[in-house]
Structure formats: C-alpha cells, structure tokens
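Here is the structure we will look at, set down as structure tokens.
Each chain gets a letter, A, B and so on, in the order the sequences are listed, and its residues count up from 1.
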Amino acid sequence: SNEDTVSTASMASTAEIDHLSQIVSRSHLETCQYLGEELQQMSWQSFVQEEVETYQSKTQEVMWQLCAVKITEAIQYVVEFAKRIDGFMELCQNDQIVLLKAGSLEVVFIRMCRLFDSQKNAVYFDGKFAGPDVFRALGCDDLISSVFDFAQSLCSLHLTEDELALFSAFVLLSADRSWLQDKLQVEKLQQKTQLALQHVLQKNQREEGLLTKLRYKVSVLRSLSSRHTEKLSAFRVVHSDIVRTHFPPLYKELFGA
Amino acid sequence: KEKHKILHQLLQNSTSPVDL
C-alpha cells in the first residue's frame, strides 16, 4: 500500500505538472503579440539604409519615446500572460505587482527571439527588421548591443514555443525578487514551473545541459533589465519633462523611481 | 495603490486593454 501511495502521489504530481505545462503554453500562445502564422506570413523585410538614417537622425528624446511605447505595448501582452498562469492571480496584489515590475521586461527580451533574424542580426521593430544601428539615437549602444547578443544566443538554442512559454513563466515567477510579501508561495509556483520546464525539455529530448544554459540566461536577463533602468535614470536627469509628459504611464509605473 | 494605478487596473480587468 505504501508503494500505491507513492505511485499515486507521483501520478498526481505528473498530471499536475502536465496541466501546468498546458496552461502556460496556451497562455503564451494566446498572449504573444505575433502568432506563429503571422510570423510565417511576415515578409521579414529589413529597413533600407535611408530608413536606418531616418531613425538615426531622430533626436534622442523622440527615439526614447518611440522605444518606450513599443516596450509598453509588448509588456501589456506580458501582463495578460501572467494573469493566465495558474496561481498568479491567487498571489496577493503586492506580489503580482512586484513580479511584473521586476520581470515583465525580462519576458519581453525572451519573447524578442521570436521576432529576431539571427542571420541579419535584426529584430522586428516599427514594421520592419532593424539592426542595432537603427537604435543609435538612443545613445546606449552598449546596452543595445548586449540585448542583440542575448537574442542571438537565445535564438541559437532553438527553443520551441512550449519551452519559451515555460522559461518565460519561470523567469516571471522568480521567488528571489525584493519586496515580495509571500516568498514561499511564489517559490512553490516557481518550483512547479521549473518541474514543468524540465519535463518538457525531457519530452522534447533536449540536450542535458540546456536547463543549466537557461539558468545562466536568467542572470543575463537581470543584468539587461537593470541596465535599462540605469539608462532610463540617466535619460531622466536630462529630459525629465519629456518623460513626465510624453512617456506611456505604464512604462513610468514599471520603471520609474 | 495610487503609485501603480494602471498595473492595478490591468490586473483587475477581466477584459484586457490589449485586443487579443
């Protein structure tokens, strides 16, 4: 009977993990800004030199504002993704907000690899594919180049949509974010998500070290996200009026001081 | 709450502002 109990428990847990995988994958697909079919139909057209120069000749303020708008649009979809993850809405609202403030941009960076052309080193932005030089007017070449490096390296792993979905959920449900009220509950959710990710990687017969590679990506994502905040702070010092009057309110809530 | 007004709204809305 002891064996029965053990096997029932492990079966229940497998069923639970399968259920979580399905929910997270479905949520990811439902809340991706561009669906699989749309991606296939996309012309993957790059900006021509003249267009690149137009972006480069924009003022720093205008280019920052444009990027803030695009990031905010992407983040709204990430909020919807979070809401549909099993257990997220059961967290207290403080913790929901803490997780989104800390993790939503990181999920946008993960999702970026769906809209990234590795060969051209270009990302879908404002209607066409843009290389790092399109973003020169922002005045943060180092951060842009790191974001592109990250996208290149994530793309090289060729993650499936299921794997991307669970990796995104794993990042979003990080239990070590500051100011969480109920760390334990978030930790439980994250552990379940990690099991689901492991399970999917096994099912997809992925190489042994992939989970370790993804864990390393978590620290890269944190560094990108905090560097974005630093760049924004520096920008605000000079252009506080532009930020106050022209930046999307949600962007300010997420990244403002 | 005032500080995260929009996030609160997005989290509480059953219908999202995003046209999914």
Original post:
Between L100(A) and chain B, which part of the residue has a heavy atom less than 4.5 Å away: side chain, backbone, both or neither?
Top reply: side chain
Original post:
Side chains of Q93(A) and Q12(B): closer than 4.5 Å at any heavy-atom pair?
Top reply: yes
Original post:
What are the two closest heavy atoms between L11(B) and Q96(A), and how far apart are they?
Top reply: CD1-OE1, 3.5 Å
Subject >> Nearest heavy atoms of E253(A) and L7(B), plus distance in Å >> reply: OE1-N, 3.0 Å
**OP:** Using atom types as modelled and distance alone, determine if a side-chain donor or acceptor of K5(B) lies under 3.5 Å from a backbone N or O of P249(A).
**Re:** no
**OP:** Could you tell me which portion of L254(A) (side chain, backbone, both or neither) has an atom closer than 4.5 angstrom to a non-hydrogen atom of chain B?
**Re:** side chain
Subject >> salt bridge (Lys or Arg N to Asp or Glu O under 4.0 Å): pairs with one or both residues in residues 17-28 of chain A, sequence neighbours excluded >> reply: R26(A)-E30(A)
Original post:
Any side-chain heavy atom of H8(B) sitting closer than 4.5 Å to one from I97(A)?
Top reply: yes
Subject >> Heavy-atom neighbours of K183(A) NZ exceed 12 at 6.0 Å >> reply: yes
Original post:
Quick check: are there more than 12 heavy atoms from other residues, nucleotides or ligands sitting under 6.0 Å from NZ of K192(A)?
Top reply: no
